[in-house]
There are 2 protein chains.
Amino acid sequence: MGKRGKADRRTVLLNYKLWLSSMSGEGIISEDTYHLLMKIKEKGSLKRAAEEQNMSYRKAWGDIKKAEEMLEYELTEKTRGGIGGGRSKLTGKAEKLLEAYHALHKKFDESIEEAYQEFRTKISNK
Amino acid sequence: MGKRGKADRRTVLLNYKLWLSSMSGEGIISEDTYHLLMKIKEKGSLKRAAEEQNMSYRKAWGDIKKAEEMLEYELTEKTRGGIGGGRSKLTGKAEKLLEAYHALHKKFDESIEEAYQEFRTKISNK
DNA sequence: GAACGACATGCGTATCTTTGCATCTCAAAT
DNA sequence: ATTTGAGATGCAAAGATACGCATGTCGTTC
């Protein structure tokens, strides 16, 4: 025991979510989509990417489609048939988007840390 | 016309959401809760606050309750009976929380603006 | 040209949220 | 003591999401 215990239980955590949208508000690229795209890049297959993301193929496919419709450009090059039945790989634009998204996220992480410290100071003491 | 029109439609917007949670992940104070509390402060009534927020009283009440359970302190002073049937007003702690949340949000907005510009530059050309 | 297996997609089902009652509770004002 | 109207809650209905299944498409490989 000691200084911990109750204090820990009461600790308030700060969370955030970052996503991109079109002006109409429709179609989004969220954290999940980002990770899904990263997996596609790694695996070369939407199906396997979805499996690793623990998400249904149906949803994964729908998410990518939505994102592409919103951006008005393709994120993946799809191939049907052939060995393995087909595959998906990222387009150059998708790769660039991922890089930019990642940098943005990193920046978010950094700036949230200091903002959070200030926040906690304000709500803690009387 | 000119430089706008199509370019605008394609504009990718950055969205983010900040919220507080307990360590278990349960109970949250989101943007919505923040605005709901602001309305309570303004109106002195949960019912009217919910109406203005365009949210059911049922949900509003549940959200506040959840938040209070998570924080382990009251956010509102509730009164039943009397003229008007009752009312709700914010506690001092709630006021402080709102201030801190607002400051957090503002600080975050500022520090993110730059990152967003970079992001847009990265994905726009080439 | 038959087989293979992922891409593609519709649609009914399951799951999670929010809403919409219905019902109580309570204390100030009459 | 009765009235009043928002706070407090349970619960079933309604909506929104996501999942699973079924079924079709396609192009390389054998």
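Lettering of chains follows the sequences in order, A, B, ..., and the numbering in each one begins at 1.
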(request) Determine, for B:Lys89 against B:Glu42, whether the closest basic-nitrogen to carboxylate-oxygen distance falls under 4.0 angstrom. (result) no
(request) Could you state the atom-to-atom distance from CD of A:Gln53 to C1' of D:dA18 in whole Å? (result) 16 Å
(request) Can you figure out which of C:dC7, D:dA6, C:dT18 approaches the side chain of B:Ser45 most closely? (result) D:dA6
(request) Taking only Lys NZ, Arg NE, NH1 and NH2, and the carboxylate oxygens of Asp or Glu, determine whether B:Glu52 and B:Lys43 approach each other closer than 4.0 Å. (result) yes
(request) Give the rounded distance in Å between these two atoms: CG of B:Leu36 and P of C:dT18. (result) 13 Å
(message) Distance check needed: D:dT17 P versus A:Asp63 CG, whole Å only.
(response) 12 Å
(request) Measure across A:Leu18 and A:Tyr101 and return the closest heavy-atom pair with its distance rounded to 0.1 Å. (result) O-OH, 3.0 Å
(request) Send over the distance from A:Glu69 CD to C:dA8 P, rounded to a whole Å. (result) 12 Å
(request) Specify the separation, in whole Å, of atom CZ of B:Arg87 and atom C1' of D:dT4. (result) 16 Å
(message) Whether the side chain of A:Glu68 engages the backbone of A:Thr76 through a donor-acceptor N/O pair (distance < 3.5 Å, no angle test) should be reported.
(response) yes
(message) Measure CE/B:Met55 against P/C:dT17 and give the value in whole Å, please.
(response) 15 Å
(message) What is the distance, to the nearest angstrom, from the CH2 atom on A:Trp61 to the P atom on D:dC21?
(response) 18 Å
(message) Taking atom CD as the centre, does B:Glu114 end up with more than 12 heavy-atom neighbours from other residues, nucleotides or ligands that are less than 6.0 angstrom away?
(response) no
(message) Between B:Lys59 and C:dT19, is there a contact of a side-chain N or O with OP1 or OP2 at under 4.0 Å?
(response) no
(request) Identify the heavy atoms of A:Asp32 and A:Gln53 that sit nearest to each other, and give their distance. (result) O-NE2, 4.4 Å
(message) Please tell me if B:Ser88 has a side-chain N or O lying less than 4.0 Å from either OP1 or OP2 of D:dG7.
(response) yes
(request) Go along nucleotides 21-27 of chain C 5' to 3' and tag each nucleotide: B for a protein heavy atom under 4.0 Å from its base, S when only backbone or sugar atoms are that close, - otherwise. (result) ----BBB
(request) State which of D:dC19, C:dC7, D:dG7 makes the closest approach to the side chain of A:Ser56. (result) D:dC19
(message) Please determine whether a side-chain nitrogen of the Lys or Arg among A:Lys39 and A:Glu51 lies less than 4.0 Å from a carboxylate oxygen of the Asp or Glu.
(response) no
(request) Please figure out whether A:Ala60 or B:Lys65 has its closest DNA chain D nucleotide nearer the 5' end. (result) B:Lys65
(message) What is the separation between atom OH on A:Tyr57 and atom P on C:dG10, rounded to the nearest whole Å?
(response) 13 Å
